[in-house]
Amino acid sequence: MNKTNWIGKKIIHKEITGSTNQDIKELAMGGAEEGTVVCADIQTAGRGRRGRSWLSEKGDSLLFSLLLRPEIEPDKVSQITLLMALAITKVLREIYGFAAMIKWPNDIVINGKKVCGILTELYPDADGRYFVIVGCGINVGQKRVPDELQGIATSLFLESNRNCMIETEELLQGILAEFEQYYDRFLISESLAEFVDEYNTRLISLHKEVRVLDPKGEYNGISKGINDKGELLVELADGTVTEVYAGEVSVRGLYGYV
Ligand code: BTN
């Protein structure tokens, strides 16, 4: 059942596609309305962050992309990823009872293993403005994890001790409804200030040592949570605090994936 006011009023469901982000991009270029969603049972060319691919097998995942046309400064667009992470973790925690946490900025983890990735993309449109695509891949029904991803990835089915069959359509509707609420509030202030505390309580690295994989040079520090721009604050050994912008940087825990 649809529980939103404007997001997902049009949902296009595909059995198979290349990438739902690519589908939304093409629809957006053709003038599709903000809030349009494409979801697919399987993708043959799923895109991940930093040029990686996102693999999925038929019927095991919730794969969807959402079209937004925000009138905010482009440098604030990466904050939308954090809002989606909040929405997904809220639904997984409150509706399904999973101890879902956020690995800044765009992964959702359960028991230290990745269950969801979010890819936010920004493109110019024909009118000289821009549109945003928020694409999410959630591992729902996978019954096993490939050998190379053991200890790194998981699915909702596996984390429910193999006894929870989740309806992907219901999960999607729950996420869209939560995201809409976060996003509508965000557009009023154009800041994450009111979400910082909530985000930080779900941040898996909070107060832990992390390694910042900055292409200009890697370093270690203590994660102090995000600020109101969605940057990760990392305290260095000399006590100074750096603001890490999500862009091309990722952060790892010192012991394992999170
Ligand atoms: C990541 O963790 O690297 C982000 C992965 C995002 C994958 C989703 S699946 C649905 C949507 N379509 C894509 O091609 N990518 C996103």
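When a ligand or atom number is given, it counts from 1 through the structure's own listing order.
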In the hydrophobic clustering (ILVMFWY, side-chain contacts below 4.5 Å, transitive), which residues join Leu27, or is it alone?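 Leu27 shares its hydrophobic cluster with Ile12, Ile24, Met29, Val38, Leu67, Tyr123, Phe131, Ile133.
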Determine, step by step, whether Arg47 and Glu121 satisfy the salt bridge (Lys or Arg N to Asp or Glu O under 4.0 Å) criterion, reporting the C-alpha distance in whole Å, the side-chain angles of both residues, the deciding distance to 0.1 Å, and the verdict. CA-CA 11 Å; Arg47 300 207 282 258; Glu121 297 180 300; 3.0 Å; yes
Checking Asn220 against Glu209 for the side-chain contact (heavy atoms from CB on, under 4.5 Å) test, could you report, in this order, the C-alpha distance in whole Å, the side-chain angles of both residues, the deciding distance, and whether it holds? CA-CA 7 Å; Asn220 293 357; Glu209 194 163 11; 3.9 Å; yes
With sequence neighbours left out, which residue pairs that include part of residues 79-107 fulfil the ring pair (Phe, Tyr, Trp, His ring centres under 6.0 Å) condition?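 Output for this query is empty, none listed.
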Shell of residues surrounding ligand 1, defined by a 4.0 angstrom heavy-atom cut-off that is strict: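 Within 4.0 Å of ligand 1, the protein residues are Ser19, Thr20, Asn21, Gln43, Gly46, Arg47, Gly48, Arg49, Trp54, Leu63, Phe64, Ser65, Asn106, Asp107, Lys114, Gly117, Ile118, Leu119, Gly135, Cys136, Gly137.
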Assess the residue pair Asp125 and Arg69 against the criterion (salt bridge (Lys or Arg N to Asp or Glu O under 4.0 Å)); give the C-alpha distance rounded to whole Å, side-chain angles, the decisive distance to 0.1 Å, and a yes or no. CA-CA 10 Å; Asp125 69 12; Arg69 297 183 184 276; 3.6 Å; yes
The criterion is side chain to side chain donor-acceptor pair (under 3.5 Å); which residues satisfy it with Thr20, sequence neighbours excluded?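 Per chain and number, Thr20 pairs via side chain to side chain donor-acceptor pair (under 3.5 Å) with Gln43, Ser65.
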